[in-house]
Amino acid sequence: MNNDGLRADMEKYRAMLFRLAYSCTGDLSCCDDIVQEAFVKLYLRAKDFPSEEGKKAWLIRVTINLSRNHVRSGYFRHRAEIPDNIGVNDERDDAVALEEALKQLKPEYRAVIHLHYYMGYTAAEIGKLLHISTTAVTTRLQRGREKLKDYLDDERENIYEQIQRDPVGNRKQQQSV
């Protein structure tokens with residue numbers, strides 16, 4: 001592969017692979033490294049791809065594998081979490097709540113949900129990308145959706161309990177003082 005071809009592929013696929021890496025790891029700090037490593041593997045790959053779709057599928061597969069390796073690493077498991085909402089209001093919109101719920105999912109559920117809902121792949125296409133059966137994909141989608149629903153329902157219950165304890169919203173007034 002030549003440098004111009006690699007540069008074109010990086011421009012074409014970088015954002016998609018970054019989102020996929022983030023979806024698999026839930027860690028923004030490692031996504032650039034994972035995507036860069038995927039492109040290095042593409043550059044070092046000796047064989048050409050039969051089609052552009054084949055190259056895209058290969059990059060997705062490599063990114064998922066690299067993300068899984070990162071999640072399994074000792075660094076990832078033993079790092080300290082810094083809350084994303086430091087200095088931010090306690091109120092969260094639905095997108096943030098969904099993102100946090102996605103982080104709670106196991107990587108195999110997170111990957112199929114991302115590929116299906118964010119990238120628009122069918123269950124059969126995801127099965128080919130991940131080297132699993134279509135039935136396994138649909139099962140993971142179903143279980144992932146159930147887990148997401150449970151996490152989001154728990155989040156709503158927590159908000160409801162806060163409202164019950166402080167129906168007038170004195171907490172906001174105290175924070176702004």
Side-chain angles (χ1 to χ4, degrees), residues 9 12-42 53-86 88 90-162:
D9 288 339
K12 186 173 185 179
Y13 297 119
R14 184 193 171 288
M16 174 196 64
L17 296 178
F18 187 91
R19 286 189 303 270
L20 180 60
Y22 179 70
S23 175
C24 291
T25 64
D27 181 13
L28 279 172
S29 65
C30 69
C31 294
D32 278 327
D33 294 336
I34 290 170
V35 172
Q36 181 177 1
E37 191 171 343
F39 284 118
V40 167
K41 287 181 180 287
L42 176 66
E53 193 61 35
K55 183 189 299 183
K56 180 179 178 183
W58 185 86
L59 281 167
I60 288 170
R61 181 75 239 155
V62 167
T63 303
I64 289 171
N65 287 340
L66 291 169
S67 298
R68 284 182 179 168
N69 291 345
H70 180 76
V71 169
R72 290 181 191 139
S73 72
Y75 163 77
F76 190 81
R77 288 182 304 200
H78 300 291
R79 67 191 169 96
E81 283 288 328
I82 298 173
D84 291 335
N85 60 350
I86 290 178
V88 178
D90 284 341
E91 294 181 15
R92 293 181 253 168
D93 62 354
D94 291 339
V96 173
L98 178 61
E99 183 178 320
E100 288 185 12
L102 281 168
K103 287 181 185 178
Q104 301 296 319
L105 291 178
K106 290 182 180 180
E108 60 264 21
Y109 298 146
R110 200 177 322 139
V112 295
I113 285 177
H114 182 83
L115 290 169
H116 183 69
Y117 290 106
Y118 291 94
M119 297 177 72
Y121 283 99
T122 65
E125 292 169 332
I126 295 169
K128 288 178 185 174
L129 284 170
L130 300 179
H131 305 294
I132 58 176
S133 69
T134 304
T135 305
V137 172
T138 56
T139 300
R140 288 180 185 185
L141 280 170
Q142 179 182 0
R143 289 179 184 167
R145 284 189 295 257
E146 288 170 0
K147 296 276 187 195
L148 277 175
K149 183 181 179 306
D150 291 343
Y151 292 135
L152 292 172
D153 286 346
D154 289 346
E155 179 72 22
R156 285 189 196 113
E157 286 178 25
N158 291 339
I159 292 171
Y160 180 74
E161 288 172 9
Q162 286 177 347

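Values below: every heavy atom of this structure, side chains too, minus hydrogens, waters and symmetry copies.
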At what distance, to the nearest 0.5 angstrom, does [atom1] of [X] lie from [atom2] of [Y]?
| X | Y | atom1 | atom2 | answer |
| --- | --- | --- | --- | --- |
| C24 | L102 | SG | CG | 11.0 Å |
| L115 | I64 | CG | CD1 | 4.5 Å |
| L66 | L59 | CG | CG | 10.5 Å |
| T63 | L20 | OG1 | CG | 6.0 Å |
| Q36 | C31 | CD | SG | 13.0 Å |
| S29 | H70 | OG | NE2 | 6.0 Å |

Student check: side-chain heavy atoms of [X] and [Y] closer than 4.5 Å:
| X | Y | result |
| --- | --- | --- |
| I132 | E108 | no |
| N69 | R72 | yes |
| F18 | L28 | yes |

Side chain to side chain contact (heavy atoms under 4.5 Å, CB included) partners of A57, counting only residues at least two apart: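 Listed in chain order: L129.
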Q104: partners by side chain to side chain contact (heavy atoms under 4.5 Å, CB included), with sequence neighbours left out: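 Per chain and number, Q104 pairs via side chain to side chain contact (heavy atoms under 4.5 Å, CB included) with Y151.
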Residues which pass side-chain hydrogen bond (donor to acceptor under 3.5 Å, both in side chains) with [X], listed by chain and number, not counting sequence neighbours:
| X | value |
| --- | --- |
| T122 | E125 |
| Y109 | none |
| R61 | N65 |

Side chain to side chain donor-acceptor pair (under 3.5 Å) contacts touching residues 135-149 (sequence neighbours left out):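 For residues 135-149: Y117-R145, Q142-E146, K149-D153.
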Salt bridge (Lys or Arg N to Asp or Glu O under 4.0 Å) against K12, all qualifying residues, sequence neighbours excluded: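 For K12 the salt bridge (Lys or Arg N to Asp or Glu O under 4.0 Å) partners, ignoring immediate neighbours, are E52.
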All salt bridge (Lys or Arg N to Asp or Glu O under 4.0 Å) counterparts of R14, not counting sequence neighbours: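 If we apply the salt bridge (Lys or Arg N to Asp or Glu O under 4.0 Å) test to R14, skipping adjacent residues, the hits are D32.
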Over all heavy atoms of both residues, which pair between [X] and [Y] is shortest? Give the atoms and the distance, please.
| X | Y | value |
| --- | --- | --- |
| A124 | T134 | CA-OG1, 3.7 Å |
| Y121 | K56 | OH-CE, 3.1 Å |
| R110 | L105 | NH2-O, 2.7 Å |

Sequence-distant partners of H114, ring pair (Phe, Tyr, Trp, His ring centres under 6.0 Å), two or more places apart: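 For H114 the ring pair (Phe, Tyr, Trp, His ring centres under 6.0 Å) partners, ignoring immediate neighbours, are Y118.
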side-chain contact (heavy atoms from CB on, under 4.5 Å) between L148 and I113, intermediate numbers included: CA-CA 10 Å; L148 277 175; I113 285 177; 3.8 Å; yes
